[in-house]
Each structure stands twice: as C-alpha cells, then as structure tokens.
Chemist: 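Have a look at this one.
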Amino acid sequence: GLPDNASGSIDLVAAKGTIAGQPYDDLKTKINFNGTIIDFETIEMAVAGGKLSGKGSFDRARANYAFELAARSIPLATIISIFPQNDSIPAISGSTDLTVSFSGNADRNEALVVNGNGTARGVVVGENSLGDIVFDASTADQKLTTKLTIGFDGRPQVVNAVVDFSKESLPLTASAE
C-alpha cells in the first residue's frame with residue numbers, strides 16, 4: 001500500500017538514546033498509518049528530569065497537519081535542536097514549561113495557526129543571563145502575535161512581535177515596551 005494506501009502502526013519504546021545530538025532517558029511513541037494520514041497517537045520523551053508529550057496528525061495527500069505539544073522542565077537545548085543548526089546563534093541554556101498547538105497546511109504559510117504559552121527559567125544566551133522569560137503566542141487574522149517578558153534579573157523587558165503569515169515573505173515586526 002505505499003505510498004498512498006499505508007496501513008498499520010508503529011509502537012516504539014526506547015531508553016537512553018540521542019535525537020538530533022540531544023540525549024534522552026526514555027522515548028515512547030505510537031504512530032498509526034491509514035492511507036495518506038499519519039496519526040501520531042502518542043509522543044512521550046523523558047529528558048534530564050523533564051517530560052515532553054504530544055499528539056498530532058499529518059495528511060500527506062492534502063499536506064494538512066495539526067499537533068499539540070506540552071513540555072515540563074525540558075532543557076532549552078532539546079527544544080532548539082528541532083530547528084536547523086545555525087553557527088551564528090550562540091549556546092542557549094535553561095529549561096522550559098510550555099504548551100503549544102499548531103495546525104495548518106505545509107504548502108500554504110497563510111494557513112498556519114499557532115497558539116501557546118510558557119515560561120523558560122534560568123535562560124542564558126552565550127554568556128548573558130536573561131533570567132526567566134514568559135511568553136504567550138496566538139494567531140488571528142493570519143498573524144502570529146507573540147509577547148515575551150524577559151526577566152533580566154528583576155528588570156523586566158517586554159518584547160512584542162508579529163509575523164504576517166498572509167504574505168509570502170513572512171514579514172516580522174517587533175517592538176519593546
């Protein structure tokens with residue numbers, strides 16, 4: 001039945017491994033295949049005393065996707081390892097609690113909807129301590145609006161940013177309060 005009529009499931013359980021250069025303690029996932037739909041029924045990972053969990057789906061024929069993720073005490077390095085490596089970005093450390101959902105269509109930026117919030121604690125970028133960072137993100141009218149409150153060791157700085165998904169260039173505007 002490949003590629004458009006897949007049928008079956010994968011149950012994966014692993015202990016003490018590495019994903020994208022980041023070690024984990026335990027990994028559990030169940031993935032179901034039904035035609036062109038891939039259903040991530042469960043995703044669970046324990047890492048450095050924290051836990052990442054989620055679920056979601058991807059329709060290969062239509063390119064539609066929807067995912068929900070939650071992290072508790074996950075090292076920021078683990079979260080950052082999801083993104084392509086960039087040598088101009090300094091080392092970032094700390095841990096995060098977050099809840100985020102995102103859905104859309106892989107072929108259309110304007111279909112992306114992101115909603116989430118969380119807190120990153122003890123954030124250090126390069127050699128600079130930022131303290132705690134609280135963030136909130138939501139999508140409305142094809143625009144992702146994000147508010148970051150950066151602790152700066154007791155001197156909070158608020159940064160607001162908007163990404164316009166309706167434009168192919170994905171323009172970003174940011175301001176500080």
Side-chain angles (χ1 to χ4, degrees), residues 2-3 6 8-34 37-60 63-104 106 112-139 144 146-153 157 159 161 163 170 172:
L2 295 178
S9 65
I10 295 173
D11 287 304
L12 176 67
V13 177
K16 303 287 183 199
T18 303
I19 295 177
Q22 297 299 312
Y24 64 85
D25 300 318
D26 293 298
L27 174 67
K28 298 176 187 173
T29 186
K30 181 170 184 174
I31 305 169
N32 299 307
F33 300 89
N34 185 12
I37 297 173
I38 304 168
D39 178 34
F40 296 84
E41 186 175 317
T42 57
I43 303 166
E44 297 178 357
M45 183 170 66
V47 57
K51 182 178 179 182
L52 178 68
S53 61
K55 62 182 180 176
S57 65
F58 179 68
D59 184 339
R60 290 182 50 256
N64 294 330
Y65 57 87
F67 287 90
E68 296 175 6
L69 298 172
R72 299 289 173 252
S73 299
I74 292 291
L76 288 173
T78 300
I79 301 293
I80 292 165
S81 70
I82 295 169
F83 302 102
Q85 188 173 5
N86 184 333
D87 292 335
S88 66
I89 296 176
I92 300 173
S93 62
S95 66
T96 189
D97 294 342
L98 66 85
T99 302
V100 65
S101 65
F102 55 97
S103 62
L112 181 59
V113 175
V114 178
N115 293 295
N117 58 59
T119 302
R121 290 175 305 286
V123 177
V124 177
V125 178
E127 297 178 11
N128 302 305
S129 174
L130 301 183
D132 294 347
I133 300 174
V134 177
F135 64 92
D136 185 46
S138 62
T139 306
L144 172 63
T146 304
K147 178 180 181 179
L148 300 172
T149 304
I150 304 169
F152 283 125
D153 294 323
Q157 176 70 55
V159 177
V163 178
L170 300 175
L172 167 71

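These numbers come from the heavy atoms of this one structure, side chains and all, not from hydrogens, waters or symmetry mates. Because the structure is a prediction, the values reported are computed rather than measured.
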Chemist: Does the pair Val47 and Ile74 meet the rule for a side chain to side chain contact (heavy atoms under 4.5 Å, CB included), with working shown?
Modeler: CA-CA 7 Å; Val47 57; Ile74 292 291; 3.3 Å; yes
Chemist: Which pair of heavy atoms, one from Asp25 and one from Gly49, lies closest together, and at what distance?
Modeler: OD2-N, 4.0 Å
Chemist: Do the side chains of Asp11 and Lys28 get close enough for a salt bridge, i.e. N-O under 4.0 angstrom?
Modeler: no
Chemist: Are any non-hydrogen side-chain atoms of Thr78 and Met45 less than 4.5 angstrom apart?
Modeler: yes
Chemist: Can you name the nearest heavy-atom pair linking Ala14 to Tyr24, along with the distance?
Modeler: CB-OH, 3.4 Å
Chemist: Restricting to non-hydrogen atoms, name the atom on Pro90 and the atom on Val125 that form the minimum distance, rounded to 0.1 Å.
Modeler: CG-CG1, 3.5 Å
Chemist: Is a side-chain N or O of Thr139 found less than 3.5 angstrom from the main chain of Leu144, in a donor-acceptor match?
Modeler: no
Chemist: For Ile10 and Phe33, which heavy atoms make the closest approach, and how far apart are they?
Modeler: CD1-CE1, 3.6 Å
Chemist: With side-chain contact (heavy atoms from CB on, under 4.5 Å) as the test, pick out the partner of Ile79 among Thr96, Leu69, Ile92.
Modeler: Thr96
Chemist: Got Phe152 and Gln157 here, is their nearest side-chain heavy-atom distance under 4.5 Å?
Modeler: yes
Chemist: Might you point out which heavy atoms bring Leu52 and Ala71 nearest each other, and give the distance in Å?
Modeler: CD1-CB, 3.9 Å
Chemist: Applying side chain to side chain contact (heavy atoms under 4.5 Å, CB included) to Ile38 and Arg60, what does each step give before you reach the verdict?
Modeler: CA-CA 8 Å; Ile38 304 168; Arg60 290 182 50 256; 3.8 Å; yes
Chemist: Val123 vs Asp132, test: side chain to side chain contact (heavy atoms under 4.5 Å, CB included). Steps then yes/no.
Modeler: CA-CA 6 Å; Val123 177; Asp132 294 347; over 6 Å; no
Chemist: Below 4.5 Å, heavy atoms only, C-beta onward: do Asn32 and Phe40 meet side chain to side chain?
Modeler: no
Chemist: From Arg121 CZ over to Ser73 OG, what is the distance, rounded to the nearest 0.5 angstrom?
Modeler: 5.0 Å
Chemist: If I take atom OG from residue Ser57 and atom CG from residue Asn34, how far apart are they, to the nearest 0.5 angstrom?
Modeler: 11.5 Å
Chemist: Verify side chain to side chain contact (heavy atoms under 4.5 Å, CB included) between Leu27 and Ile19, making sure each step is shown before the conclusion.
Modeler: CA-CA 10 Å; Leu27 174 67; Ile19 295 177; 4.0 Å; yes
Chemist: For Lys16 and Asp26: C-alpha separation, side-chain torsions, deciding distance, then whether salt bridge (Lys or Arg N to Asp or Glu O under 4.0 Å) applies.
Modeler: CA-CA 6 Å; Lys16 303 287 183 199; Asp26 293 298; over 6 Å; no
Chemist: With rounding to the nearest 0.5 angstrom, report the CG to OG distance, Asn115 to Ser101.
Modeler: 5.0 Å
Chemist: Does Ile150 reach the side chain of Val159, with side-chain heavy atoms less than 4.5 Å apart?
Modeler: yes
Chemist: Hey, could you give me the CZ/CZ distance between Phe58 and Phe67, rounded to the nearest 0.5 Å?
Modeler: 8.0 Å
Chemist: So, for Asp39 and Gly56, which heavy atoms are closest and what is the spacing to 0.1 Å?
Modeler: OD1-O, 3.3 Å
